[in-house]
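What follows is a set of notes on a single structure, which appears directly below.
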2 protein chains.
Amino acid sequence: MKLINQLSKETGIPIGTIRFYEKTGLFNGEKKEEVKTNNYVYYGDDVVDKLRFIQMAKAVGFTLAEIKEVVDAWYKKQISKKAKIEVLDKKLLQIDEKIKELKAVKKQIAICKFNIQNEDL
Amino acid sequence: MKLINQLSKETGIPIGTIRFYEKTGLFNGEKKEEVKTNNYVYYGDDVVDKLRFIQMAKAVGFTLAEIKEVVDAWYKKQISKKAKIEVLDKKLLQIDEKIKELKAVKKQIAICKFNIQNEDL
DNA sequence: AACAAGTATGAAGTATACTATATAGTTCGT
DNA sequence: ACGAACTATATAGTATACTTCATACTTGTT
């Protein structure tokens with residue numbers, strides 16, 4: 001079990017941001033019953049996984065709300081199996097859409113580059 | 001030449017947002033010299049292209065500042081040919097990175113889906 | 001014991017990207 | 001000429017995602 005500082009070091013995400021994510025409901029740490037002198041929060045390896053997932057998903061334009069949907073489908077017990085699969089399938093479609101758009105942007109930029117290279121002909 | 005309303009209709013981007021983009025320096029319209037009764041701004045087809053590009057680039061997680069870099073390389077005369085190509089090559093690399101990340105996210109979600117489907121075995 | 005470093009909490013501040021509001025002038029159809 | 005619809009400008013407000021600050025307690029090292 002890890003403290004927040006170690007979590008930050010393993011993922012490169014600032015402590016403040018990790019706290020913000022936790023407050024947003026993207027994951028929870030646990031207070032250890034046996035420790036009574038402080039109220040430090042401990043995090044499991046699942047939290048590291050989630051943080052890495054959040055990093056990737058954010059980099060490609062998903063909002064924290066969208067990421068939360070996936071993470072909830074991923075771990076929350078309250079949600080039905082069918083509902084979880086539905087959320088994930090929806091995200092998979094969105095990702096394919098984004099890949100398509102990235103390829104379109106790439107094509108645009110390639111055309112633009114070609115034009116610049118040949119502009120004084 | 002188009003007025004802002006037509007621009008909005010062709011792209012689906014709200015007028016307020018288009019004005020905001022113009023103020024941000026993503027493109028400029030032109031005032032017509034010959035028209036003296038008003039100060040309406042007219043936009044060419046290049047602006048429609050730019051707006052469509054902005055839509056796509058935003059959808060895949062580029063910020064307006066990053067998009068401005070590309071658009072400046074695309075059209076600004078002040079910037080040297082070499083500098084333009086450099087900017088575009090950097091963006092192309094970023095896009096490949098994003099595609100890689102999207103594929104990683106997709107894999108994560110697929111694993112997650114598999115786990116949910118088999119969770120009560 | 002002292003003190004740097006780590007942790008928790010709450011609240012305020014910042015950056016980005018809009019979105020809405022108010023005001024005022026213009027154009028167009030009838 | 002009237003009114004609806006369109007345009008410009010400036011300013012304020014909102015949502016998202018942090019980031020900083022202030023306060024206070026805890027842990028580990030010397």
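Throughout, a chain's letter reflects where its sequence line sits, starting with A, and its residues are numbered from 1.
- Atom-to-atom, CG of B:N5 to P of D:dC6 comes out at 5 Å; the value is rounded to the nearest Å.
- With rounding to whole Å, B:Y42 atom OH is found 13 Å from D:dA8 atom C1'.
- Between B:R19 and the phosphate of D:dT9, there is no side-chain N or O to OP1/OP2 separation shorter than 4.0 Å.
- Put simply, B:V71 and B:Y21 are part of the same group of oily side chains (I, L, V, M, F, W, Y) that touch within less than 4.5 Å, one to the next.
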- Note on the structure: For nucleotides 25-30 of chain D, 5' to 3', base contacts (B), sugar-phosphate-only contacts (S) and non-contacts (-) with protein non-hydrogen atoms under 4.0 Å give -BS---
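- Atom NZ of A:K100 is surrounded by 12 or fewer heavy atoms from other residues, nucleotides or ligands within 6.0 Å.
- Using a 4.5 Å heavy-atom cutoff, the side chains of B:D72 and B:V87 are not in contact.
- Counting only distance, with no hydrogens or angles, the side chain of A:S8 and the backbone of A:I4 share no donor-acceptor pair below 3.5 Å.
- Rounded to a whole Å, the CZ atom of A:F20 is 14 Å from the C1' atom of C:dA11.
- The hydrophobic clustering, which links ILVMFWY residues whose side-chain heavy atoms are closer than 4.5 Å, places B:Y40 and B:L7 apart.
- What separates CD1 of B:I4 from C1' of D:dA5 is a distance of 15 Å, to the nearest Å.
- You'll find that the side chain of A:P14 is closest to D:dT19, out of C:dA8, D:dA8, D:dT19.
- Of the candidate nucleotides C:dT19, D:dA8, C:dA17, D:dA8 has the atom nearest to the side chain of B:K31.
- Spacing between atom CD1 of B:I15 and atom P of C:dT21 amounts to 15 Å, rounded to whole angstrom units.
- Spacing between atom CG of A:L64 and atom C1' of D:dT19 amounts to 14 Å, rounded to whole angstrom units.
- Side-chain atoms of A:F53 and B:I109, non-hydrogen and from C-beta on, do get closer than 4.5 Å to each other.
- Residue contacts for A:T24: at a heavy-atom cut-off of 4.0 Å it reaches no nucleic acid atom on any strand shown.
- Rounded to a whole Å, the CD atom of B:E30 is 13 Å from the P atom of D:dA8.
- Atoms NZ (B:K68) and C1' (C:dT16) sit 15 Å apart, rounded to a whole Å.
- Rounded to the nearest 0.5 Å, atoms NZ (B:K91) and CD (B:E69) are 4.0 Å apart.
- Among the heavy atoms of the strands, none lies under 4.0 Å from A:K23.
- The side chain of B:Y21 contributes an N or O atom lying less than 4.0 Å from OP1 or OP2 of C:dC18.
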